[in-house]
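The structure appears right after this line, and notes come after that.
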Amino acid sequence: MFRTRRLACASVTALAATALVAGCASGDGGSTSGASGNTLTLWTHNAGNSAELDVVKKIIKDFNGSQDTYEVKLQAFPQNDYNSSVVAAASARKLPCLLDVDGPNVANWAWGGYLAPIDVSGGEVPLSDQLASTVARYQDKVYAYGFYDVALTFFARRSVLNEYGIRIPSMAEPWTKDEFDAALAELKKSGTFEYPLEMGTGGSGEWWSYAYSPQMQSFGGDLIDRDGYRTASGTFDGKDSVAWATWFRSLVSNGYMAKKSGADPNKDFLAGKSAIQWDGSWNAAKNADKLGDDLAIIPPVDFGDGPKIGGASWQWAMSSSCSDKDGAQAWLTFARQTKYFVDYAKATGTLPATQAAARQVDGYQPGGKFNELVEYARTFAVVRPVTPAYPYISTEFEKAAQDILAGADPENALGQGAKDIDNNLRTNNHYAG
């Protein structure tokens with residue numbers, strides 16, 4: 001249940017665009033007038049996720065029943081088709097008034113003219129109460145907000161760590177790089193595990209940037225120079241990033257993790273095939289059900305520049321082509337009620353975006369067995385670079401990281417990626433405007 005997916009930067013053929021736009025439930029700008037008021041169309045990527053979709057349906061039903069000026073109608077897409085549908089509709093200015101967007105893509109969609117800034121200051125929940133990663137800003141304007149986030153963590157069995165004399169770390173005292181490397185060496189030496197570490201290297205797409213670039217950032221590197229977002233050279237391929245890449249490759253060359261993991265890494269961990277798994281909060285409850293008190297939820301490693309994890313998941317936004325922005329903002333404001341933040345967390349096993357909601361979700365309240373995951377998101381989360389270039393940057397990072405695991409020289413692989421990113425920035429006039 002990995003919550004973050006990358007916008008695929010691909011052209012859409014005229015035939016595909018025509019078909020997708022023809023399938024839209026919206027009229028001009030996603031708003032039409034009817035006898036019962038203005039109808040606003042809402043798009044979501046949750047067609048294959050009934051639990052989350054049911055929460056969206058509940059909010060729509062409550063909003064429609066609360067007044068008679070606006071009526072919101074839902075159109076759900078399978079996640080794999082969602083971004084291409086948005087791109088096609090945007091090119092024809094046929095986007096709905098309301099839509100969800102993966103947090104890392106907000107800057108790209110705002111720059112591309114898909115989204116309009118929103119003002120939800122009248123909602124029950126102030127934006128300032130939310131986890132910072134659940135509010136998307138671009139050029140000092142708010143473009144989207146989400147009800148939840150997720151957090152990466154290490155899962156392990158306490159009994160296994162204790163057996164091999166490995167310290168169980170805490171937020172206050174996470175593992176250092178040297179401790180982590182020593183732990184993996186000890187577990188490998190035991191002969192019990194072919195690969196003591198499971199890092200999900202069989203994944204694809206945005207998983208690579210979400211899962212591994214925070215480790216690069218903990219080394220002191222990054223995907224791009226965030227001071228102006230004008231160059232990747234010297235950062236993407238800087239000495240700290242190369243140090244991360246060299247370490248990342250060593251996990252394979254030392255036999256600590258597989259170059260490409262199996263189809264279900266969490267299942268393998270629960271079966272005892274790996275001792276430590278780098279995974280998400282979405283599997284915390286399942287792991288706890290299986291392992292009980294033996295489950296250790298472990299913070300990210302401090303590789304020198306502090307522990308880091310990725311931040312931002314799916315969020316709600318308003319299209320720039322919406323012909324009834326007052327209505328769209330009315331829905332976005334209405335939805336900002338603590339009960340809906342609670343509903344999302346309970347339905348999806350995600351982290352509540354506010355402390356008030358967390359207090360109402362079993363396990364996530366202060367002192368709860370999963371509350372530390374909320375604190376990881378609050379303390380360690382780093383949003384992916386807030387630049388329209390991010391989808392391209394993410395693709396380059398995935399390519400470089402995969403090449404490095406396959407044996408490419410880290411400095412060369414990252415150097416080529418930095419050159420390609422800088423060329424993309426120049427080609428697009430550094431995404432000015």
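The shortest side-chain heavy-atom distance between Y431 and N424 falls under the 4.5 Å cut-off. The side-chain heavy atoms of D240 and D222, taken from C-beta on, include no pair separated by under 4.5 Å. In this structure, F63 and Y70 have side chains that are in contact, with non-hydrogen atoms separated by less than 4.5 Å. Side chains of W111 and V106 form no contact here, defined as non-hydrogen atoms less than 4.5 Å apart.
Every pair passing side chain to side chain donor-acceptor pair (under 3.5 Å) that includes a residue from residues 290-299 is listed here, sequence neighbours excluded: S159-D294. Evaluation of the salt bridge (charged side-chain N to carboxylate O under 4.0 Å, His left out) test over residues 268-288, restricted to residues two or more places apart or in two chains, returns D268-K273. Among pairs with a residue in residues 359-370, none fulfils side chain to side chain donor-acceptor pair (under 3.5 Å), at least two apart in sequence or across chains. Sequence neighbours left out, the pairs with a member in residues 331-358 that pass salt bridge (charged side-chain N to carboxylate O under 4.0 Å, His left out) are K58-D343.
A275 meets the side chain to side chain contact (heavy atoms under 4.5 Å, CB included) test with V160, L187, F193; sequence neighbours excluded. Residues that satisfy the side chain to side chain donor-acceptor pair (under 3.5 Å) test with T134, not counting sequence neighbours, are Q130. Residues meeting the side chain to side chain donor-acceptor pair (under 3.5 Å) test with Y376, sequence neighbours left out: E372. Remark: K260 engages no residue in a salt bridge (charged side-chain N to carboxylate O under 4.0 Å, His left out) (not counting sequence neighbours). Shown here are the salt bridge (charged side-chain N to carboxylate O under 4.0 Å, His left out) partners of R137, two or more places apart in sequence or in another chain: there are none. For the salt bridge (charged side-chain N to carboxylate O under 4.0 Å, His left out) test, no residue two or more places apart in sequence or in another chain qualifies with R158. By the salt bridge (charged side-chain N to carboxylate O under 4.0 Å, His left out) test, E124 pairs with no residue at all, sequence neighbours left out. Residues passing the ring pair (Phe, Tyr, Trp, His ring centres under 6.0 Å) test with F180 are F154, W175, sequence neighbours excluded.
For R157, the CZ atom is densely surrounded, since the number of other residues' heavy atoms within 6.0 Å is greater than 12.
W247 has its ring centre less than 6.0 Å from the ring centre of F303. Two rings, from W244 and F397, have their centers less than 6.0 Å apart.
We find the OG-OH distance between S313 and Y344 to be 10.5 Å, quoted to the nearest 0.5 Å. Note that CZ of F334 is 4.5 Å distant from OG of S66, once rounded to the nearest 0.5 Å. Rounding to the nearest 0.5 Å places CH2 of W314 at 8.0 Å from CG of N46.
S274 places no side-chain N or O within donor-acceptor distance of the main-chain N or O of Q277, the cut-off being under 3.5 Å. Panel note: side chain Y82, backbone D100; a donor-acceptor pair is recorded below 3.5 Å. No donor-acceptor pair closer than 3.5 Å links the side chain of S319 to the backbone N or O of Y114. Put simply, the side chain of K325 gets close to the backbone of S320: a donor and an acceptor are under 3.5 Å apart.
Salt-bridge check for R378 with E375: passed, with a basic side-chain N closer than 4.0 Å to an acidic carboxylate O.
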